Q: 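One structure coming up, written as structure tokens, with questions to follow.
Everything numeric here is computed off the predicted structure, so don't read it as measured data. Sequence lines set the chain letters: A, B, ... in the order given, protein chains first and strands last, and positions in each chain run from 1. Worth knowing before you read on, the calculation uses all heavy atoms, side chains too, and leaves out hydrogens, waters and symmetry mates.
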Amino acid sequence: MPELPDVEGFRRFLARHAEGRRIVRVDVPDPAIVRNRTPQVLGRALAGNRFGSPHRHGKWLFAPVGDVELLLHFGMTGLLSWGEDDSDRDRYDRVILVCEGGELRYNNMRRFGGVWLARDEQERARVTGPLGPDAAGISRDSFERLLRNRRGGVKAALMDQRLIAGIGNLLSDEILWRARIHPARPVQSLTAVRRRRLYEALRAAVGESLRYGRVPHGARWLTRVRGDKHPACPRCGRPLRRSTIAGRTACWCPHCQK
DNA sequence: TTGCATGTTCCGGA
DNA sequence: GTCCGGAACATGCA
């Protein structure tokens with residue numbers, strides 16, 4: 001589930017439920033999911049302090065608590081949930097931040113991703129590694145600048161978090177379908193007109209997804225049909241193709257995307 | 001039983 | 001150094 005729009009949804013969720021609340025204690029049913037501290041150290045660092053205002057960069061969620069920060073990455077199956085008490089916990093709740101009046105749960109079936117603690121911005125940067133500008137706010141100029149020196153295929157470029165942060169497999173296919181660009185096309189083969197179209201498609205797809213807090217399944221979205229047995233292009237009705245590009249299963253329309 | 005899944009990282013080879 | 005493919009990680013589902 002989690003690409004940029006999903007993580008933005010989690011950010012809003014955390015803000016709505018937990019911001020301003022004091023953490024009482026931290027339960028860690030799956031100690032290995034806490035990546036850079038022991039559960040005991042994490043608990044001591046958080047307990048007694050209040051959640052601040054959460055922020056997001058790409059697929060990372062940062063939740064300040066007192067004078068430290070909780071870093072959350074959701075991998076492929078992560079999510080947040082909230083409960084009034086511990087009665088309806090899920091077997092995949094890996095870290096539970098028990099607050100006054102309820103508990104915030106980090107749930108992750110497949111255990112990619114995880115939870116980190118950072119004492120300052122340097123530590124945060126060490127954990128996340130280099131990240132490009134967030135896809136939701138990238139300017140036309142910086143987009144052009146980033147593509148200028150980029151080699152390799154365009155889908156790989158869109159998904160590279162060091163180049164642009166937040167775009168994953170589904171969104172990259174959605175953006176390329178909108179821009180009518182083949183996912184394997186080399187970045188350097190894109191004309192100025194196509195680069196502009198790509199930028200507009202990125203802003204539109206990311207912007208619209210953000211409003212929903214997920215990649216929508218609307219009528220004019222590839223996401224709605226890409227899981228079908230014989231998916232058809234929502235634009236021209238011809239059969240879509242699937243194959244591995246940049247290490248992931250790409251879905252595109254051979255008629256629309258050149 | 002096998003293959004595949006919205007993510008990241010590491011390794012080897014071109 | 002760059003880029004790509006493949007494997008690994010962990011788990012469930014069709």
Q: Remember a base hit wins even if backbone is also touched, and classify A/Thr244 as base, sugar-phosphate or nothing at under 4.0 Å, heavy atoms.
A: nothing
Q: What do the steps show when you test A/Asp67 against A/Arg119 for salt bridge (charged side-chain N to carboxylate O under 4.0 Å, His left out), and what is the final call?
A: CA-CA 7 Å; A/Asp67 56 1; A/Arg119 298 241 165 236; 5.2 Å; no
Q: What's the gap between C/dG1 and B/dT8 when it is taken at their P atoms, as a whole Å value?
A: 24 Å
Q: So, A/Arg195 versus A/Tyr199: side-chain donor-acceptor pair below 3.5 Å or not?
A: no
Q: Do other residues, nucleotides or ligands put more than 12 heavy atoms under 6.0 Å from A/Arg16 CZ?
A: yes
Q: Under the salt bridge (charged side-chain N to carboxylate O under 4.0 Å, His left out) criterion, do A/Arg89 and A/Glu84 qualify, and how do the steps go?
A: CA-CA 10 Å; A/Arg89 286 187 186 176; A/Glu84 304 285 308; over 6 Å; no
Q: How is A/Arg110 classified with respect to the nucleic acid when contacts are heavy atoms under 4.0 Å: base, sugar-phosphate, or nothing?
A: base
Q: Establish, yes or no, whether the cationic atom of A/Arg220 lies under 6.0 Å from the six-membered ring centre of A/Trp177 and within 45° of the ring axis.
A: no
Q: For residues 47-56 of chain A, pull every pair meeting side-chain hydrogen bond (donor to acceptor under 3.5 Å, both in side chains), keeping only residues two or more places apart or in separate chains.
A: A/Glu8-A/Arg56, A/His55-A/Glu69, A/Arg56-A/Asp134
Q: Could you tell me the separation between the CZ atom of A/Arg242 and the C1' atom of B/dG3, rounded to a whole number of Å?
A: 13 Å
Q: Checking ring pair (Phe, Tyr, Trp, His ring centres under 6.0 Å) against A/Trp116, which of A/Tyr106, A/Trp60, A/Phe62 comes through?
A: A/Trp60
Q: Could you check how far CD1 of A/Ile33 sits from C1' of B/dG7, rounded to whole Å?
A: 13 Å
Q: Give A/Arg91 one of three labels, base, sugar-phosphate or nothing, depending on what nucleic acid heavy atoms sit under 4.0 Å from its own.
A: sugar-phosphate
Q: List, with names and distances, any nitrogen or oxygen atoms from the protein found under 3.5 Å away from nitrogen or oxygen atoms belonging to nucleotides 8-11 of chain B.
A:
from: B/dT8; atom 1: OP1; to: A/His73; atom 2: NE2; distance (Å): 3.2
from: B/dT8; atom 1: OP2; to: A/Lys59; atom 2: NZ; distance (Å): 3.1

Q: How close or far is atom P of B/dC4 from atom CG of A/Asn169, stated in whole angstroms?
A: 14 Å
Q: Just the rounded figure in Å: distance from P of B/dG7 to NE2 of A/His57.
A: 16 Å
Q: Give the first and the last nucleotide of DNA chain C, reading 5' to 3', that has any atom under 4.0 Å from a heavy atom of chain A.
A: C/dT2 to C/dG12
Q: Taking atom C1' of B/dC4 as reference, at what distance in whole Å does atom CE of A/Met109 sit?
A: 12 Å
Q: Is A/Leu176 reachable from A/Met159 through a run of I, L, V, M, F, W or Y residues, each pair having side-chain heavy atoms under 4.5 Å apart?
A: no
Q: May I have the distance from A/Phe112 (atom CZ) to B/dG7 (atom C1'), rounded to whole angstrom?
A: 7 Å
Q: If the P atom of C/dA7 is compared with that of B/dT2, how far apart are they to the nearest Å?
A: 16 Å
Q: If you look at every strand shown and take non-hydrogen atoms under 4.0 Å, does A/Gly113 touch a base, only sugar-phosphate, or nothing?
A: nothing
Q: Mind checking which stems touch DNA chain B? I mean at least 3 consecutive Watson-Crick or G-U pairs, both distances under 3.5 Å.
A: B:2-5 with C:11-14, B:7-14 with C:2-9
Q: With sequence neighbours excluded, what pairs up with A/Arg196 under the salt bridge (charged side-chain N to carboxylate O under 4.0 Å, His left out) test?
A: A/Glu200
Q: Base, sugar-phosphate or nothing for A/Gly78? Non-hydrogen atoms, less than 4.0 Å.
A: nothing
Q: So, using salt bridge (charged side-chain N to carboxylate O under 4.0 Å, His left out) as the criterion, who are the partners of A/Lys59 when residues are at least two apart?
A: none
Q: Considering the options A/Asn107, A/Val7, A/Asp6, which one meets the side-chain contact (heavy atoms from CB on, under 4.5 Å) requirement together with A/Phe74?
A: A/Val7
Q: Please measure how far the P atom in C/dC3 lies from the corresponding atom in B/dT6, and state the result in whole Å.
A: 24 Å
Q: Could you walk me through whether A/Leu117 and A/Asn36 pass the side-chain contact (heavy atoms from CB on, under 4.5 Å) check?
A: CA-CA 7 Å; A/Leu117 186 74; A/Asn36 69 344; 4.1 Å; yes
Q: Expressed in angstrom and rounded to an integer, what is the separation of A/Glu174 atom CD from B/dT6 atom P?
A: 13 Å
